[in-house]
Amino acid sequence: MGKLRIFAVQLPPPFQQNPVYWAGQIVQGTVIVDLAEPMKMRGIHLKCVGEARVHWTERHTTGSGDNRRTETRHYRSHETYCDLQLILFGKPQGQMSGDNPVLPAGHYEYPFSFQLPPTLPFSYESHIGKVRYYLEATIDKPWKID
């Protein structure tokens with residue numbers, strides 16, 4: 001068994017089974033960390049990202065006879081609707097200076113709360129694109145994969 005026993009994002013009971021939120025709503029939860037041994041890290045961060053991605057192709061033919069050519073054109077775009085970042089423990093992400101804190105062995109619960117922007121579009125999935133939202137917790141470790 002390694003140093004990290006549990007690392008999880010926990011949402012309150014009504015959202016554990018069906019995590020559906022609306023624009024402008026408050027998102028609350030807890031990041032749970034359980035360590036068997038002390039761990040040196042820059043910090044524990046939580047981010048909420050909402051983004052849209054689209055991609056489709058079209059075939060275009062130009063010329064005639066022997067000069068006829070068909071090409072496939074790719075169209076794609078990306079848009080970010082929200083990119084919220086919270087520092088739950090330690091230093092801001094990317095800050096390198098100074099000593100890195102050590103989180104002693106034990107069980108920790110870091111509550112978080114933030115409001116979603118009021119103009120967010122709904123989640124959406126299709127064959128050419130999607131609008132998707134996610135929460136991601138990270139332990140930022142120096143000289144290691146997070």
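Hydrophobic clustering of Ile, Leu, Val, Met, Phe, Trp and Tyr side chains at less than 4.5 Å, counting indirect connections, keeps Val49 apart from Leu88. In the hydrophobic clustering of ILVMFWY residues, with side-chain heavy atoms under 4.5 Å counting as a link, Tyr81 and Phe122 come out apart. Connection of Phe112 to Ile44 is established within a shared hydrophobic cluster, with ILVMFWY side chains joined at heavy-atom distances below 4.5 Å, either directly or through further cluster members. Hydrophobic clustering (side-chain heavy atoms under 4.5 Å, transitive across Ile, Leu, Val, Met, Phe, Trp, Tyr) groups Phe7 together with Leu86. Residues Ile139 and Tyr110 share a single hydrophobic cluster, defined by chaining ILVMFWY side chains whose heavy atoms lie under 4.5 Å apart.
Across Gln115 and Gly24, no two heavy atoms sit closer than the pair NE2-O, 2.8 Å. The minimum heavy-atom distance between Ala36 and Ala105, with the atom names listed, is O-CB, 3.6 Å. Here the closest heavy-atom approach between residue Ala52 and residue Val131 is recorded as CB-CG2, 3.9 Å. For the pair Tyr21 and Ile26, the tightest heavy-atom approach, listed with the atom from each and the gap, is CE2-O, 4.0 Å. What you find for Thr80 and Asp83 is that their closest heavy atoms are CG2-CB, 4.2 Å. Residue Pro12 comes nearest to Gln28 through the heavy atom pair CD-O, 3.1 Å, listed as atom of the first residue, atom of the second, then distance.
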Practice item. Please assess Val27 against Tyr133 for the test side-chain contact (heavy atoms from CB on, under 4.5 Å), listing each intermediate value before the final yes or no. Key: CA-CA 12 Å; Val27 177; Tyr133 300 89; over 6 Å; no
**Study point:** Test side-chain contact (heavy atoms from CB on, under 4.5 Å) applied to Leu46 and Leu84, step by step
**Key:** CA-CA 8 Å; Leu46 179 77; Leu84 306 169; over 6 Å; no
**Study point:** side-chain contact (heavy atoms from CB on, under 4.5 Å) evaluation trace for His74 with Thr72
**Key:** CA-CA 7 Å; His74 291 267; Thr72 301; 4.2 Å; yes
Exercise for review: Give the C-alpha distance, both sets of side-chain angles, the deciding distance and a yes or no for side-chain contact (heavy atoms from CB on, under 4.5 Å) between Leu120 and Trp22.
Suggested key: CA-CA 8 Å; Leu120 293 178; Trp22 303 99; over 6 Å; no
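The CD atom of Gln25 sits 7.0 Å away from atom CG of Leu116, with the distance rounded to the nearest 0.5 Å. Here CZ of Arg53 is found 7.0 Å from NZ of Lys130. Values are rounded to the nearest 0.5 Å. Annotation: the span from Glu37 atom CD to Arg5 atom CZ amounts to 9.5 Å, rounded to 0.5 Å.
Put simply, the side chain of Gln85 never gets that close to the backbone of Lys47: no donor and acceptor are under 3.5 Å apart. When atom types are taken as modelled, the side chain of Arg76 and the backbone of Val54 share no donor-acceptor pair closer than 3.5 angstrom.
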Using atom types as modelled, flag every donor-acceptor pair under 3.5 Å from a side chain in residues 60-68 to any protein atom, sequence neighbours excluded.
residue: His60; atom: NE2; partner: Glu58; partner atom: OE1; Å: 3.3
residue: Thr61; atom: OG1; partner: Thr70; partner atom: OG1; Å: 3.3

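Paired with Arg132 under the rule salt bridge (charged side-chain N to carboxylate O under 4.0 Å, His left out), one option of Glu125, Glu79, Glu51 passes, and it is Glu125. Residue Met41 is tested with Asn100, Val102, Asp140, Leu103 for a side-chain contact (heavy atoms from CB on, under 4.5 Å); the sole match is Leu103.
Looking at heavy atoms from C-beta onward, Val33 lies out of side-chain contact with Ile6 at the 4.5 angstrom threshold. Taking the side chain as every heavy atom from C-beta outward, Pro101 and Phe89 approach each other to under 4.5 Å.
In this structure, Trp56 and Tyr75 have parallel ring planes: the angle between them is below the 30° cut-off, well short of the 60° mark.
The number of heavy-atom neighbours closer than 6.0 Å to OH of Tyr134, taken from other residues, nucleotides and ligands shown, is above 12.
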